[in-house]
Amino acid sequence: MQRTAKHLRSGLTAYLMIAPMVILLGIFVFWPLIYSIYLSMHRISFYKDPAFVGFDFYKYVLTDPNFWDTMLTGLKYALFVVPTGIVIALIVATFLKNLNGRPASIMKTTVYVPTVVSSVVASIIFLFIYQDEGLANWFMGFLGVEAVNWLNSPGLALPAIAVPGVWLGLGISTLILLAAMHDIPANYYEAAALDGASAWQRMRYITLPNLKNVLLYLFVTGFTLAIQEFQLPLIMTNGGPVNATTTPNLFIFRSFRDNTEYATSFSLAASLLLFVALGLISLLIFKLVKSDKALDS
Amino acid sequence: MRHIRMRAAAVLAAVVAASAALAGCSSGSGEDDGVAKVTFWQQKFEDYQQAWFKKAVTDFNASQSKVKVELVVVPSDTWDQKLKAAQAAGTQPDVATTNYGRIVPGATEGQFAVLDDLMPASAFADIKDNVKGFVTVGGKHYGYPMLVEPSTVLYYRTDLATAAGLDPKSPPKTWAELLDWSRKLTTDKVKGMTIASNGIDLGWSSWGLQYNACGKLPIASDWSKAAANEACYKDLLDFYRTLYQEKLIPQQPKVGYPDAAPYGGGEVAMMANGSWAIGQLKNSFPQLIAKTAVAPFPSRDGDASKTTATLGGWTLTVDSKSKQPKAAGEFINWLLAGDAKLMSSFFKQSGYSKFTVRKSVDADLATDADATADPFMKIIAEKIVPQGKSEPNYPWDVSLAMGTAIESAMKGTATVDAALQTADKAINTVIEKQALAGKQPK
């Protein structure tokens, strides 16, 4: 009896401890989500009573070729940014791991700097770099190549805005990988060295398997964030040329700004469908890259 | 325990105090000590406009003691989302700047109050006949017009034209002649001209040229089906495509269509822009004024009587949910429909780059030596404004479909035929999903 009372007391304490978070989640996540689902089934005007239309807006979004085009654009952008960013971060982290003392501190700070740069500032910096007379075209001229229309060419604009995307994410990915690398026991490498393993073999058979869970984390968070990229295309290209850089969030934002009765519910339905799509993509990555316990656990 | 309770009480008190302070800071319309408070959202335009509105509101507030207007300047790129959020929260302004294209849909949705109940009939009698229709739905006025400004005017450098062997007194009259001028004026450092080249800018800035190409816009008159896939529009897309593909216009423009900076900075020899660009040129690039001439934008076949520009412009509207509609009407009446000299001062500050919609202001400007001597104002007022048509009031997605088609043809992602077919399909989809058929306001 006394044991039960103690158990209930400790249970009550636990519920009280998590109550603030549950209440906050309820107010700021669950209620808005439920209300969004409710609103997405109505044609909304702020001057007339909303009219129930069922799943009409979901049908409109799913049959809108622009929605699918923007999803594809988001995926392509993520494919440009995430693997490239992780590979570069892995190389930089490997390099940093072998540095010691002051040079290591200076390099870590340098690599982390882009992370604290606002993406608005990064967009403006890269806008200047990509201009006709900008640094990118100066470099092309140096190589003897004709100036390139970076941001107004439908085939080049998306890779061009992916470059600042990689740059902005590089610092945090590098530091996470570096921390994970430091957690790999040194005796694994010593044993491999005794067996005559090359640098590539040590990377392939020791470093990468031990980084699997961290890489999974970087892939999942990187993909979901990259597909939702909004500021870079908004500032650098405004979604152009010919919608080549219109990511899903930019598409939803533009739909929301439209001042017809149709627009608000359409953008809500598109947002909720994007939410589902991102969940499915994360699930797919989890399935493809199965997480394991650490090898030494 | 007591200590924890006291701390919790202190936190609660702080939250309540902060909420009360925030509520006190928030602005809103209503009545305070017998003074009607009216919120007025002005969309941010050129700097001189903000200064003019600020002074006018201060003067209005000082001129009487019954109504107090609170002016809020809202950047144009955040206007739509800010207004929508305010409407959702019930904190929308009493008075707002509204463009002509929004009057009919807004009136149909019940967004605007009928101004005939709030302003004297004499105010509406002063509006020019060709503008009355822009703010009237079902015989009632839903906005009071402030100005009109043609969306497309041709600006060109007379010195560069002469240097290229062209006669600046005889500007191009057809699209073919304009292409010829552009080719002759293009050098290594200066492009022949600048015009809109992205889908969003093209969506609205090409309305006049869409009228010019086909005599109508790309939708049936009753909004029952699309009409983009017509041969006459091919010439329009070919015209834009040639300008871009032959590199006669900047390939990576740094600014949007409404900004005259590339022309002012000497990067281009000609410019398609709205009449508002005159204000920017006079204020920021005065050295260019003597070397600049304006002309009606060339037409497809050279017929100067066909429109090449829509008449955009701004009105003030009163929200239908306003708690102080009478006071809001009084303010609009004082600002836009009152003393003609007040609006004349606005047009003077604009460098005569915008045009009045009131007969009495026209009469007042006729006595202003600067206005009558302004070479740009004369050409635009006499040759462009009379041919101008009103902006369409169908949903923006229809305009965007056509703008995207022009951009696709320019940048080579689709042939002219394919781009028009895509636009036609997209417009039909908008018609179907938004149930537009038969909704064209009469």
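Below, each value reflects all heavy atoms present in this structure, side chains not excepted, and no hydrogens, waters or symmetry copies.
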Under 3.5 Å, is there a donor on one side chain and an acceptor on the other for Asn152(A) and Gln251(B)? no

So for Phe112(B), is it side chain, backbone, both, or neither that comes closer than 4.5 Å to the heavy atoms of chain A? neither

Pair count under 4.5 Å, heavy atoms only, with chain A: among Gly199(B), Ala88(B), Pro395(B), highest is Ala88(B)

Tyr77(A) and Phe80(A): aromatic ring centres closer than 6.0 Å? no

Examine whether an atom of Thr63(A) lies under 4.5 Å from a heavy atom of chain B, and if so say whether it belongs to the side chain, the backbone or both; otherwise answer neither. both

Which region of Asp64(A), side chain (C-beta onward) or backbone (N, CA, C, O), has a non-hydrogen atom less than 4.5 Å from a non-hydrogen atom of chain B, or is it both or neither? both

Pick one of side chain, backbone, both or neither for Thr237(A), based on which atoms fall under 4.5 Å of a heavy atom in chain B. neither

If you measure only the distance, is there a donor-acceptor pair under 3.5 Å linking the side chains of Asn198(B) and Tyr257(B)? no

For Tyr263(B) and Thr194(B), which I'm curious about, is there any donor-acceptor pair between the side chains at under 3.5 Å? no

Highest number of heavy-atom pairs under 4.5 Å with chain B: which of Asn149(A), Thr264(A), Asn66(A)? Asn149(A)

Scored by heavy-atom pairs under 4.5 Å with chain A, the best of Lys321(B), Lys254(B), Arg102(B) is Arg102(B)

Is the charged tip of Lys84(B) near the ring of Phe46(A): under 6.0 Å from the six-membered ring centre and within 45° of its axis? no

Please classify the contact between Phe253(A) and chain B as side chain, backbone, both or neither, with a heavy-atom cut-off of under 4.5 Å. side chain

Selection from Gly240(A), Pro241(A), Gly155(A), Ala244(A) maximising heavy-atom pairs under 4.5 Å formed with chain B: Pro241(A)

Part of Ile200(B) lying under 4.5 Å from any heavy atom of chain A: side chain

Met236(A) and Leu232(A), any side-chain heavy atoms less than 4.5 Å apart: yes

Side chain, backbone, both or neither: which part of Lys247(B) has an atom under 4.5 Å from a heavy atom of chain A? side chain

Is there a donor in the side chain of Asp258(A) and an acceptor in the side chain of Thr260(A), or the other way round, less than 3.5 Å apart? yes

Please flag which part of Val148(A) lies under 4.5 Å from any non-hydrogen atom of chain B: side chain, backbone, both or neither. backbone

Side chains of Thr422(B) and Thr404(B): closer than 4.5 Å at any heavy-atom pair? no

For chain B, find which of Arg254(A), Gln131(A), Arg43(A) contributes the most heavy-atom pairs closer than 4.5 angstrom. Gln131(A)

Thr429(B) versus chain A, heavy atoms under 4.5 Å apart: side chain, backbone, both or neither? neither

Could you tell me whether a side-chain N or O of Asp424(B) sits under 3.5 Å from a main-chain N or O of Asn229(B), the two making a donor and an acceptor? yes

So do the side chains of Ile161(A) and Leu151(A) get within less than 4.5 Å of each other, counting heavy atoms only? yes

Counting heavy-atom pairs under 4.5 Å to chain A, which of Ser408(B), Ala405(B), Gly90(B) comes out on top? Ser408(B)

